[in-house]
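Naming: A, B, ... by sequence-line order, numbering from 1 per chain. Values below: all heavy atoms of this structure, side chains included; hydrogens, waters and symmetry mates excluded. For clarity, every value in this text was computed on a predicted model and none was experimentally measured.
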Amino acid sequence: MDTFLAALFSGTSRGAIYALVALGLVIVWRGAGVVNFAQMGQAMFSTYIASTLIQNGNPYWVGFFVALFAGAALGALLDILVMRPLSNKKKTELLSSESMRAAIPVIASLGILGVLQALAGIIWAAEERGFPAPAAQEGFTVAGSVMPFTSFDVFVISIVLATLTMTTIFFKKTGVGLAMRATALNQEVARLSGIRTNFTRTLSWAISGAASSLAGLLITPTSNLSPNTLDLVLIIGFTAAVVGGLDSPAGAVLGGFILGLVISFVTFYLSPEDVFLSILAVLLIVLIVKPRGILGGKDSRRV
Amino acid sequence: MLTIENLTTSFGSVIALDGISMSAQESKITTVIGANGAGKSTLLRTISGLESPTSGSITWEGQSIVGRKPEDIVRAGIAHVPEGHAVISELSVEENINMGSLFRRRTHKSDVAASLEEMYQLFPRLQERRKQLAGTLSGGERQMLAISRALVSRPRLLLLDEPSLGLAPLVVEQIIDCVNTLCRSTGLTVLLVEQNANTALGVADHGVLLALGKVVADRPAAELKADSTLRAAYLGY
Amino acid sequence: MSSTAKNPSIIRRSFRRTIFFIIAILAIGSTFEPYNQAQLAVVLIYFIGVLSVTILTGISGQISLGQGALMAVGGYTTALLMTNYSISLWIAVPASIVGAGIAGALLGIAAARLSGPYLAGTTLVIALAIPTIANRFMSVFKGDEGLPVDVGYPPSWFSNFFGEPTYEEWQLYVVLPFAAIALFFASNLLLSRTGRMWKSIRDHETAAALTGVNYSRQKVYVFIIASIFAGLAGALYGLRGLVGPSVYPVALSLTLLTAAVLGGIRSIFGAFIGTVIVVFLPDWIDLVLDNFELSEQVSNFMPALISSLLLILTVVINPAGVAGGSHLHKHK
């Protein structure tokens, strides 16, 4: 029973962070039509900025908010420098094929990831460093026994649920959210409707950058920080997004919690060696049973 | 008034528009007719900024609009309803309409709400389906939706590309009637591209006949409609 | 692929290319120091792997970040045959193709339903998950320790005839025939009617389906062929000394993709150019950096920084890569 509770709690708290990563991916996918494999590279970079500020004697929250801002700025910058020139490119023979047009931003985002990781190595060296948590990481004591659930876990879960609520409202209820969805779905119709698509795309990148920086700030207290530590988080976050449905913010969060629990239970009951195979299994099962994800809706692409 | 002079648009070595000069008179319906591949759609796409011309000028209300972005041209009062009932299937009917007035939301708050209501009066079927995804609509309803999306931007010039494409005759009639009424009652200028020349010339004031990217006739619609030689040579009936 | 056989001019052209390739590699290799000969062997191995990306992504438009996992399948097949059954590498390496082909078929069946970023992400998870099997079945795959294998020593008739080669030289000679065969097949394939059909899938799935191409099945075939190339590359890559999870990291898949894109994602010539760039870039950068006083922290990350920057610049400025897109298109 103790193992079960431990797995449940640790899975929920981890799952909340994966949900945040998945949410960041969904925002750029929905807002700009790109799956951003550089996302956790951006998060790693802004977490390093926070870490440097905190090590130099600034309070935690200064580092925290500067990192969120830096994450947003970096996201916007990457869109303006790399993705916008790509999407506005004249249709050459190579780019005339739809699959290549989908593949090229993926390749570009991998290049961005490489650049960010190398730069982080150059600036901050490659060895791991710790990162502080804003709340206690000791378990609550209930009836004399220490539970595997900490104030930090509570903090993480509530921040993630708040972010999800805000994102959903933002996309569904605000004009800017509508403009972002329209841009991702059909750039031409969006532009003919007077939507400044360059701006809305950049905005998606900025919001996603801030969300993934938040994920970086929340996961590094338990995983430590190095140029590569967040690679795995990205892969898990991507799986979570696909499992929940790349088109759905709520699906991303659901997927995040599912992945968190699967990973946690596999770790506790089987062995940590089996984690990646179990992620692969979950991914393949979902893709075969429901290719658009659990909350992804029907495939409405035109034929 | 829209004036086009010597407009040429090419895609690589293919010249789609070859030195076109024409105009659209204020508060009148001008129709551009011609066979498939005559350059009709390219003409509208060049006006709305989706394609950039190789040479020539487009003047709207005294200002050149060549080289401006589509989103700025909409703001200048030109709304384009592209070919093929262009709506966003994954968005709801109401979201599709609202999309067209997003850029006026801050500056004309009350008018945006009013324009939505007007569209629902104009096309009551859209109101019934306002929460449905646009992808679930019939072809005719989608066309109505696409036109509504354009109209809520409060254009002074409406570019309509083949609204009759793939629709039943009864629906075509309804949509064309609607455009006609709008033009006559609100003074909207309309540039209507049609392959269905008979329907278009029936409602238009002025007709421009295109063939292989060139203007072959530019006359009052009634005159063009009566010219059986031209009809036989370029439209095949 | 039956069309290949019917068209002798395609075979002749591919054959000429291959002969030229062999002569060029031998000529260049003989002037190299042992270190660079070993590097050249790595170029040839990567080249085979990059060809699998060229076929999969450049020709059929499917993007895979999991070619490294298929290389691992090829590597383990070879290593198990060689260490457990003492089978000669000349038989074990070709046999690895079967293992990789089967893995590719399974992967292809799953991938046929996916496209674009979905496929990229799924193959990335596969690249991560497959090497962990080595730790799951310790007794067979020996976990992180891996299975030591190498190219061994040349047979005596070879030494008697050509003289005693250095170990690095022998590595190059072992790899070259496989690379030449891979080049020959890739060249034939891309020029053939099958290759053109795959391009039509890439250019428009819907249109390809309308012209009667069963594109899901064709996608599986493309995956199998690409996996065979990857498996062969993986087998040879392991023969450098060790087959283990650390030999086939996720980064390996990304390196192959980088090479393919830098050189030109659609061309065999581009695949080779890109491979040369990726393999020799760290050395070239070292040569340049030697003139500056840089700390190790900076110089360690310079190759990764520059190759990633090159990757971004390539897709932003000229997505067709160094070799351009025209190379294959002349033959349309």
So which residues of residues 274-289 of chain A are in contact with chain C at a heavy-atom cut-off of under 4.5 Å? Asp274(A), Phe276(A), Leu277(A), Ile279(A), Leu280(A), Leu283(A), Leu284(A), Leu287(A), Ile288(A)
Region of Ile317(C) in contact with chain A, defined by heavy-atom distances below 4.5 Å: backbone
Rounded distance (nearest 0.5 Å) linking atom CG of Leu246(A) with atom OH of Tyr118(C): 4.0 Å
In terms of heavy-atom pairs under 4.5 Å with chain C, which of Val106(A), Ile107(A), Leu232(A), Val82(A) leads? Ile107(A)
Value rounded to 0.5 Å, distance of CG in Leu305(C) from CD1 in Ile122(A): 5.0 Å
Applying salt bridge (charged side-chain N to carboxylate O under 4.0 Å, His left out), name anything that partners Arg181(A), two or more places apart in sequence or on another chain. Glu95(B)
Once rounded to the nearest 0.5 Å, what's the spacing between atom CG of Leu81(A) and atom CD1 of Ile312(C)? 9.5 Å
Measure the spacing between CG of Leu234(A) and CG of Leu124(C) and express it to the nearest 0.5 Å. 7.5 Å
Minimum heavy-atom distance Gly111(A)-Ser308(C), with the two atoms named: O-CB, 3.4 Å
Name the region of Leu116(A), side chain, backbone, both or neither, that has any atom closer than 4.5 Å to a heavy atom of chain C. neither
If I measure from the heavy atoms of chain C, does Val115(A) come under 4.5 Å with its side chain, its backbone, both, or neither? both
Please enumerate all residues that pass ring pair (Phe, Tyr, Trp, His ring centres under 6.0 Å) together with Phe45(A), with sequence neighbours excluded. Trp124(A)
Val261(C) versus chain A, the contacting section by heavy-atom distance below 4.5 Å: side chain
So which of Ala108(A), Ala125(A), Pro105(A), Pro85(A) has the largest heavy-atom pair count under 4.5 angstrom toward chain C? Ala125(A)
To the nearest 0.5 Å, atom CD of Glu273(A) lies from atom CD1 of Ile133(C) at 12.0 Å
List the atom pairs, with distances to 0.1 Å, where a side-chain N or O of residues 278-286 of chain C and a protein N or O form a donor-acceptor pair under 3.5 Å, not counting sequence neighbours.
| unit_1 | atom_1 | unit_2 | atom_2 | d |
| --- | --- | --- | --- | --- |
| Asp283(C) | OD1 | Tyr35(C) | OH | 3.2 |
| Asp283(C) | OD2 | Tyr35(C) | OH | 3.2 |
| Asp283(C) | OD2 | Gln39(C) | NE2 | 3.0 |

Of the backbone (N, CA, C, O) and the side chain (C-beta and beyond), which part of Leu254(C) lies under 4.5 Å from a heavy atom of chain A, both, or neither? side chain
How many angstroms lie between atom CG of Leu110(A) and atom OG1 of Thr258(C), to the nearest 0.5 angstrom? 7.5 Å
Which residue out of Leu257(C), Val250(C), Thr122(C) racks up the most heavy-atom pairs below 4.5 Å with chain A? Thr122(C)
